[in-house]
There are 2 protein chains.
Amino acid sequence: MTKIQPRTLYREVADRIRDLIEHGELAPGERISEKQLCENFGVSRTPLREALKVLASEGLVELLPNRGARVKQLTYKMVKDTYDLMGALEGLSGELACQQISDEGIAAICALHERMLVHYHNRELPEYFQVNQRIHESLLAASNNDVLLEMYNNLSQRVKRVRYSKKMTESYWRRAVQDHEEMIAALKKRDSKRLGQVLRDHLCNKLEVASIAGVIDDGETRNAANS
Amino acid sequence: MTKIQPRTLYREVADRIRDLIEHGELAPGERISEKQLCENFGVSRTPLREALKVLASEGLVELLPNRGARVKQLTYKMVKDTYDLMGALEGLSGELACQQISDEGIAAICALHERMLVHYHNRELPEYFQVNQRIHESLLAASNNDVLLEMYNNLSQRVKRVRYSKKMTESYWRRAVQDHEEMIAALKKRDSKRLGQVLRDHLCNKLEVASIAGVIDDGETRNAANS
DNA sequence: TGAGAGAATTTTGAATTCATAATACCTTTC
DNA sequence: GAAAGGTATTATGAATTCAAAATTCTCTCA
């Protein structure tokens, strides 16, 4: 049950721009021309500029006063930082979920887990990922912490456009599944500390970070300090 | 070394409104009149409305399309959710700091810790709190994760206006100091897991959440689900 | 007296306009 | 031919204007 958002132009525009960025139609670092976007969307500059301000505080766009807006560059470090953060948030979601989830909720997640195992054994990677994601979303929802959900979604949005090649080697995959076995065990026992720990360390995040290395080629060195 | 922000009107206005909210001059739930604020600030509606959009996506303000803006109400649950989140973030900051901080950095934090102990023994509560906060800020800085810092600052800003009465009982205080002893020990050993754990469980957060109960009297029940 | 319909007023959403800063272009000079 | 300086053009920041939605007020009628 999600609250309906009355539509206003600037929200519509913000959604559209988010999409453009996510799908790479506005490339990272690319200058955003107000005039051109206004014409594309058929709106005046006022709602467009409002949308840009929102996107800037969401971290998707960079506003250089008097010098226009550009799509925020993702550096390797930023993405790694973001994944570290998401790991911590997943850990928290696990701890909270353990304390709040109903027995039915646990059963539902176990069911998802079983389905995931099937996909694993059948080597159906896309389906595996999909169910895997639903498990994590379920935990997030079960944690019943709106602020956590909001933050997580924001972070997730920021790195969505990184289309890293998930180099799912056999051994990585096996370990990921093992992690999930541990998660389920902890969840069933409602061992929140344990579940939190497993989720924080969950291979998934680390793997993804590793894969990114080959995708984002920023000028900075990999170990550079913050800008 | 922090980057200078070119001033624009909407940023100035956003800063001012943040202040007003933080200090309660704009009360929670209060309707924000565009006209009045414009006159107070001496600006037109355009930059004001841009500022409101930014504040809305920072979670300080609520925008009801066609019906104006109001200062976001803080419910007990929202504040508790926020503190849970901040605890998780502090935990992460500890883990990361352990791995990255220099020996000098550790020494600096130890020095702060010693100062804090002095204030503890002298029963100087305000000074204690101040040094205590600097320790946590130092860890956050040492974690060298800009995204983490950004999120933490945002969350912190949201709950800043809650002026709960810190009922620092003797036993609470003693335990908080014990927590800090453990933190320092873990930091010196660069035991990131341990430091993370201590920070996540650090009494500080839980205590504050407890204190809030008496301050925020929302219509909702304490255990209510999300709105 | 009070409820409800409808007009007047206010407030918001969005387009337009105006001023200024940044950029591009062209000329001049060495 | 390249660099420097100055002008023209463009893009941005912010005020103003216009349109539509919401709110308030008033008047009627039960």
Side-chain angles (χ1 to χ4, degrees), chain A residues 3-21 25-73 219 227, chain B residues 3-21 25-73 219 227:
Chain A
K3 178 178 299 187
I4 76 148
Q5 298 284 357
R7 300 243 54 94
T8 57
L9 261 187
Y10 86 93
R11 278 183 214 217
E12 199 85 41
V13 169
D15 288 347
R16 296 278 294 271
I17 298 180
R18 256 186 232 103
D19 259 28
L20 291 179
I21 293 176
E25 282 149 64
L26 283 174
E30 181 176 336
R31 175 84 189 295
I32 296 177
S33 159
E34 291 184 7
K35 191 148 156 284
Q36 193 181 327
L37 273 190
C38 282
E39 283 167 10
N40 286 354
F41 293 151
V43 301
S44 76
R45 284 174 57 217
T46 307
L48 181 90
R49 289 169 59 79
E50 290 171 346
L52 285 177
K53 258 119 202 151
V54 170
L55 295 173
S57 73
E58 287 175 9
L60 292 175
V61 153
E62 215 170 2
L63 294 181
L64 311 163
N66 284 319
R67 314 190 50 194
R70 54 187 66 245
V71 179
K72 196 155 178 180
Q73 284 275 8
S227 62
Chain B
K3 175 180 302 185
I4 75 147
Q5 297 282 359
R7 303 246 47 99
T8 58
L9 261 189
Y10 86 93
R11 278 182 216 219
E12 199 84 41
V13 169
D15 289 347
R16 296 278 294 271
I17 298 180
R18 257 186 232 102
D19 259 28
L20 291 180
I21 293 177
E25 283 149 64
L26 284 173
E30 180 176 336
R31 174 86 188 295
I32 296 176
S33 158
E34 290 185 5
K35 191 149 158 285
Q36 192 182 328
L37 272 189
C38 282
E39 284 167 10
N40 286 354
F41 294 151
V43 301
S44 76
R45 284 175 57 219
T46 307
L48 181 90
R49 289 169 59 80
E50 289 171 347
L52 286 177
K53 258 118 201 154
V54 170
L55 295 173
S57 73
E58 285 175 9
L60 291 176
V61 153
E62 214 170 1
L63 295 180
L64 311 163
N66 285 318
R67 314 190 51 194
R70 54 187 65 242
V71 180
K72 196 155 178 180
Q73 284 276 6
S227 62

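Convention: sequence-line order gives letters A, B, ...; per-chain numbering from 1.
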key: Five-pair end axes of the helix from C:dT1-D:dA30 to C:dC30-D:dG1 and the angle they enclose, rounded to 10°   = 0°
Atom-pair distance ([atom1] on [X]; [atom2] on [N]), nearest Å:
{"X": "A:Glu34", "N": "C:dA15", "atom1": "CD", "atom2": "P", "value": "13 Å"}
{"X": "B:Tyr10", "N": "D:dA15", "atom1": "OH", "atom2": "P", "value": "15 Å"}
{"X": "B:Leu9", "N": "D:dT16", "atom1": "CG", "atom2": "P", "value": "12 Å"}
{"X": "A:Glu39", "N": "C:dA15", "atom1": "CD", "atom2": "P", "value": "14 Å"}
{"X": "B:Leu48", "N": "C:dG13", "atom1": "CG", "atom2": "C1'", "value": "14 Å"}
{"X": "B:Arg45", "N": "D:dA20", "atom1": "CZ", "atom2": "C1'", "value": "12 Å"}

ask   = Looking at DNA chain C, which of residues 50-57 of chain B put a heavy atom within less than 4.0 Å of it?
value = none
DNA chain C contacts made by residues 63-72 of chain A, counting heavy atoms under 4.0 Å = A:Asn66, A:Arg67
task = Please name the residue in the list A:Glu50, A:Glu62, A:Arg18 that meets the side chain to side chain contact (heavy atoms under 4.5 Å, CB included) test with A:Leu55.
result = A:Arg18
key: Under 3.5 Å donor-acceptor pair, A:Ser44 side-chain atoms to C:dA14 base atoms   = no
message = The side chain of A:Pro47 is closest to which nucleotide in this list: C:dT11, C:dA15, D:dG13?
response = C:dA15
ask   = Just checking A:Arg31: base, sugar-phosphate only, or nothing, at a heavy-atom cut-off of under 4.0 Å?
value = sugar-phosphate
task = For B:Thr8, answer base if it contacts any base atom (sugar-phosphate contacts may also be present), sugar-phosphate if it contacts only those atoms, and nothing otherwise; contact means non-hydrogen atoms under 4.0 Å.
result =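 Here B:Thr8 touches the backbone only, sparing every base.
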